[in-house]
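The structure appears right after this line, and notes come after that.
Chain letters run A, B, ... following the sequence lines, proteins first, then strands; residues in each count from 1. Side-chain atoms are counted along with the backbone in the values below, which use heavy atoms only and exclude waters and symmetry mates.
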Number of protein chains: 2
Amino acid sequence: MSTRTDLTANTDATTPLSLSERALWFAWKRAHEVLRTRIAEDVRSATGLSDPDIAILIHATDVDGTVRQNQLAVVLGWDRTRLSHQLTRMEERGLVIRRRVAGGVEVEVTDAGLEMVAAAQPVHAAAVRRHLIEPFTSVQVEHLRQALDRISAPDLI
Amino acid sequence: MSTRTDLTANTDATTPLSLSERALWFAWKRAHEVLRTRIAEDVRSATGLSDPDIAILIHATDVDGTVRQNQLAVVLGWDRTRLSHQLTRMEERGLVIRRRVAGGVEVEVTDAGLEMVAAAQPVHAAAVRRHLIEPFTSVQVEHLRQALDRISAPDLI
DNA sequence: CCTACAGTGTTGATATGTCAACACGCACGG
DNA sequence: CCGTGCGTGTTGACATATCAACACTGTAGG
């Protein structure tokens, strides 16, 4: 499926990146720094929630406020350790509670957590729109999404 | 320049993200998690250098091993604090040294740093190619780069 | 001279992420 | 019944990132 990439490039592991390869790599990292910083700033200053807080709360509320911890890890693409630490911190702040169930742990968003995510959603949506969506036309949005999916799962496309 | 984005979307700050907007946002975060993790694993297991190590060493060696600290911050899109802490750690490990100069600080890569980055470059290049470049054709690479630049600096395009 | 300001960098406290090691429960084949 | 894995989660040590506050230097205006 993935066809050859760059006529000036070489797949040999010892060949340095070509100009266009470097350009894409730097553009990727830069875009990520910029976007993450901008959205996190907007949301944090308005709601007191961090990036990882929002990610977890949104996915959990999407499925009615209760999720298997492992499912969260898979959906978010996080590893178990990271998620465990993050949930511990969020539990201490009263945003979620954890319950052992058959074959794992169930994460439930508390009422306080629901309130905070409800308050954060509009700010978050506006930030995402402003920084990620608005620079593009709807056709470009779709193309970009396809490209990103290709990165996440190159074998499935 | 940035034309209207999604006919089903609404710019009103209180409107939740549309399906296509959410899809792009999740695809973005997922792609980032996946790509960062894969490349960092490859490079770290082979060279002992972390993501931020590599970012700094590559940019510094690009300009003959010596850079103004502030220039590094600008190019990488990092803030001063983050860079300062990172350089402190790298200085402790003998990868760089810092020197006060007129109006700032000069960062120089040590011989040990040069050796490590030289050893890391091929591994890093191979990882970037495999995970970021190979899923795409050369035309797609160029389109993706333009899209990323648009995110970094929406006003300039 | 001197004062105020902008640019640059540091520090310490805290939040977040990673790694290696361990703990536990459950299924499967002896 | 007994191992032996495998999936799932936790823990502690450490690396990295962020925030608020401070320190230094040069420089422009009085």
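Remark: the backbone N or O of Ile58(B) is paired with a side-chain donor or acceptor of Thr61(B) at under 3.5 angstrom. Judged by distance alone, with hydrogens and angles left aside, the side-chain atoms of Arg68(A) form a donor-acceptor pair with the main-chain N or O of Gly103(A) at under 3.5 Å.
Ring geometry for His32(B) against His32(A) counts as parallel: the plane angle stays under 30°, on a 0 to 90° scale with 60° as the upper cut.
Here His59(A) and Phe26(B) bring their ring centres to under 6.0 angstrom of each other.
The phosphate of dT25(D) has neither OP1 nor OP2 within less than 4.0 Å of any side-chain N or O from Arg100(B). Under 4.0 angstrom from either OP1 or OP2 of dG9(C) there lies no side-chain N or O belonging to Ser84(B). Here Thr81(A) does not reach the OP1 or OP2 of dT18(C): none of its side-chain N or O atoms lies under 4.0 Å away. For dG7(C), neither phosphate oxygen OP1 nor OP2 lies less than 4.0 angstrom from any side-chain nitrogen or oxygen of Asn70(B). Using a 4.0 Å cut-off, no side-chain N or O of Arg68(A) falls inside it from OP1 or OP2 of dT8(D). For Gln69(B) and dT10(C), the shortest distance from a side-chain N or O to OP1 or OP2 is below 4.0 Å.
Atoms CZ (Arg99(A)) and P (dT10(D)) sit 14 Å apart, rounded to a whole Å. The distance between atom NE2 of His32(A) and atom P of dT16(D), rounded to the nearest whole Å, is 17 Å. In this structure, Leu72(A) atom CG and dG9(D) atom C1' are separated by 13 Å, rounded to whole Å. For the pair Glu92(B) CD and dC14(D) C1', the computed distance is 13 Å after rounding to whole Å. Counting to the nearest Å, the P atom of dC24(C) and the CZ atom of Arg80(A) are 16 Å from each other. One can place CD of Glu106(B) at 11 Å from P of dG9(C), the figure rounded to the nearest angstrom. Between Met90(B) atom CE and dA15(D) atom C1' the separation is 13 Å, expressed in whole Å. Distance, Leu49(B) CG to dA15(D) P: 14 Å, rounded to whole Å.
Each of Arg44(A) and Gly104(A) has a nearest nucleotide on DNA chain D; the 5'-most of these lies closest to Gly104(A).
Tracing side-chain contacts under 4.5 Å through hydrophobic residues (I, L, V, M, F, W, Y), one reaches Met116(A) starting from Val63(A); they form part of the same cluster.
Annotation: the span from Arg150(A) atom CZ to Glu134(B) atom CD amounts to 12.5 Å, rounded to 0.5 Å.
Between Asp149(B) and Arg145(B) there is a salt bridge, since a side-chain N of the basic residue sits under 4.0 Å from a carboxylate O of the acidic one.
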If you restrict it to nitrogen or oxygen atoms, what contacts under 3.5 Å exist between nucleotides 14-17 of chain C and the protein, and what is each distance?
from    : atom 1 : to       : atom 2 : distance (Å)
dT16(C) : OP1    : Ser50(A) : OG     : 2.8
dT16(C) : OP2    : Arg89(A) : NE     : 3.3
dG17(C) : OP1    : Arg82(A) : NH2    : 3.1

